[in-house]
Number of protein chains: 2
Amino acid sequence: MTTPAQGLHTHVLDALGLEIAAGDCPPGMVLRTDELAQRFEVSRTVVREVIRVLESMHLVESRRRVGVTVRPTEEWNVYDPQVIRWRLAGSDRPRQLRSLTVLRSAVEPVAAGLAARHATAEHCAALTECALGMVATSRGQQLEGYLRHDIAFHRIVLNASGNEMFARLGDVVAEVLAGRTHHQVMFEDPDPAAVTLHVRLAEAVREGDAEGAERLTKEIAVGALHELDVLAP
Amino acid sequence: MTTPAQGLHTHVLDALGLEIAAGDCPPGMVLRTDELAQRFEVSRTVVREVIRVLESMHLVESRRRVGVTVRPTEEWNVYDPQVIRWRLAGSDRPRQLRSLTVLRSAVEPVAAGLAARHATAEHCAALTECALGMVATSRGQQLEGYLRHDIAFHRIVLNASGNEMFARLGDVVAEVLAGRTHHQVMFEDPDPAAVTLHVRLAEAVREGDAEGAERLTKEIAVGALHELDVLAP
DNA sequence: GCCTCTTGAATAAGTCGTATGTAATGGGTT
DNA sequence: AACCCATTACATACGACTTATTCAAGAGGC
């Protein structure tokens, strides 16, 4: 109901994933495939496929004779972008944003240092363009435009690092930034200091200044953490 | 075939996942469900469930009329422990180990710093015990015992950081360490310097010395990276 | 009499074959 | 060249059968 459908599978998966990620189903709770099939008015086949996917994310465990049991949070594949999205939509978004931001503060400085060493001319150009875009949208309530450039900026840095594990965190960072902008109502324009740091970071990468890039990214991360502390204590 | 079965689903999933992760199926290659059903001698239902799981890992994309297409590596969920295991079993293990080790070098120092601040008495006790275990197994070709303590050590640090994103990297680190020990044939005993660093790191965490813990962990990471450069150029 | 081991029945997921719906592709027609 | 239709391969669905696990009842030993 009410969702654009886009496939029964997707619909049921999203609904169940959201419920579990939101904590509506406490760990140890057992679901049964027949029940779920009835509840969502789909066949058991669809439910079974959904369960298989949730199982691959370690959100649930399916055992014969006992049913589908919800696993404790510590066992979830919390790096799965889908899981992150579900959790950010749930009730413990603040805690989640904090965890992710701490992760960023560890990874992004190192990635920026590598980017300064490995970035191609295209990377540098795109980075500078994003920085300029951030400057242009940093005043006058153009939050959506700013967000888009911010996401692109960090994605480029992660990609330019040349490390695929870093690159794949682009989606995570995008979710974090989007969550920050959309959920904790940002009335104010972005911090001018942050904008400046991004511009200087683009310069540092272009000049191949690895240490500078690392230090500047650390400052950006510290700012993000501080912002979290202020807005969501 | 010849695997202990443990469920048709698991068997087919593992086989297909390995093939794709190993690069046997180049990006863009199209698989068809009934072909796979024939090849593995299972019903299409099983194949469909497997495809759904692979799809949730972004390894493949299933579209009507065209079939199941293999996605390029850059889109895979490379943080999924299952995917990591498949890739480490494949041919580009060296590259993979390097990427993961760089990730470790970014994350673990920060995690260690946090651990020094947040570790409980239990954490410290377990950490010291692991360090002692590493010392005890560091000579005389007790590689398996050493590996076990090494994995436990890093897992405790990540858990003690109090950040769930860090904690969930425990499995990744375990895979890396296991891969290093098992695949690049280690004839020699572990580097004595590394053992010492672990002992000192346990001390630093116990004393709440965040900066020391971070610095020591960085040194451990540098050692691991150097080791990779030497053994797999 | 109490505890343990075995056995069997009940249960819920696992597997399978088949039928029907649906969308994208490619070729043929106007 | 634009449109339409047949083909194709996945999507959804259903129901029967299989298998593994659990729980409990009963037999046996202490």
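So that the names make sense, note that chain A is the first sequence line, chain B the second, and so on, each numbered from 1.
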Check: Can you tell me how far P of D:dC14 sits from CG of A:Leu8, to the nearest Å?
Finding: 10 Å
Checklist line | Phosphate-side-chain proximity, B:Arg32 and D:dA9, N/O vs OP1/OP2 below 4.0 Å | finding: yes
Check: Would one find a side-chain N or O of B:Arg48 under 4.0 angstrom from OP1 or OP2 of D:dA11?
Finding: yes
Notebook entry, point to check: In whole Å, what is the span from the CD atom of A:Glu41 to the P atom of D:dC14?
Noted result: 11 Å
Check: To the nearest angstrom, how far is A:Asp34 atom CG from D:dG15 atom P?
Finding: 12 Å
Notebook entry, point to check: Is the shortest distance from a Lys or Arg side-chain nitrogen in B:Arg52 or B:Glu49 to a carboxylate oxygen in the other one below 4.0 Å?
Noted result: no
Notebook entry, point to check: With nearest nucleotides of DNA chain C determined for A:Val68 and B:Val42 from heavy-atom distances, which residue corresponds to the more 5′ nucleotide?
Noted result: A:Val68
Checklist line | Side-chain heavy atoms of A:Phe153 within contact of A:Met134, under 4.5 Å | finding: yes
Item checked: Sugar-phosphate, base or nothing in reach of A:Thr45, heavy atoms under 4.0 Å -> base
Note to self: What is the separation between atom CZ on B:Arg63 and atom P on D:dT8, rounded to the nearest whole Å?
What the structure shows: 19 Å
Margin query: Side-chain N or O of B:Arg44 versus OP1/OP2 of C:dT18: is the shortest distance under 4.0 Å?
Written below: no
Notebook entry, point to check: Pick from A:Arg48, A:Arg39, A:Arg44: which one makes a salt bridge (Lys or Arg N to Asp or Glu O under 4.0 Å) with A:Asp34?
Noted result: A:Arg44
Margin query: Under 4.0 Å from OP1 or OP2 of C:dG17: is there any side-chain N or O of B:Ser43 that close?
Written below: no
Next item on the list: On DNA chain D, check which nucleotide each of A:Val46 and B:Leu31 is closest to and give me the residue with the more 5' one.
Entry: B:Leu31
Next item on the list: For B:Arg64 and D:dC10, give me the distance from atom CZ to atom P, rounded to whole Å.
Entry: 11 Å
Checklist line | D:dA11 OP1/OP2 closer than 4.0 Å to side-chain N/O of B:Ser62 | finding: yes
Notebook entry, point to check: Rounded to whole angstrom units, what separation is found between the CD atom of B:Glu49 and the C1' atom of D:dT12?
Noted result: 13 Å
Next item on the list: Rounded to the nearest angstrom, tell me the gap between atom NE2 in B:His9 and atom C1' in C:dC16.
Entry: 16 Å
Checklist line | Ionic contact status for B:Arg180 with B:Asp150, cut-off 4.0 Å | finding: yes
Margin query: Any side-chain N or O of B:Arg52 below 4.0 angstrom from OP1/OP2 of D:dT12?
Written below: yes
Margin query: Is A:Arg65 close enough to C:dG14 that one of its side-chain N or O atoms is under 4.0 Å from OP1 or OP2 there?
Written below: no
Next item on the list: Starting at atom CG of A:Leu36, determine the distance to atom P of C:dA13, rounded to an integer number of angstrom.
Entry: 9 Å
Checklist line | NZ/NE/NH1/NH2 to OD/OE distance under 4.0 Å, A:Arg87 and B:Glu164 | finding: yes
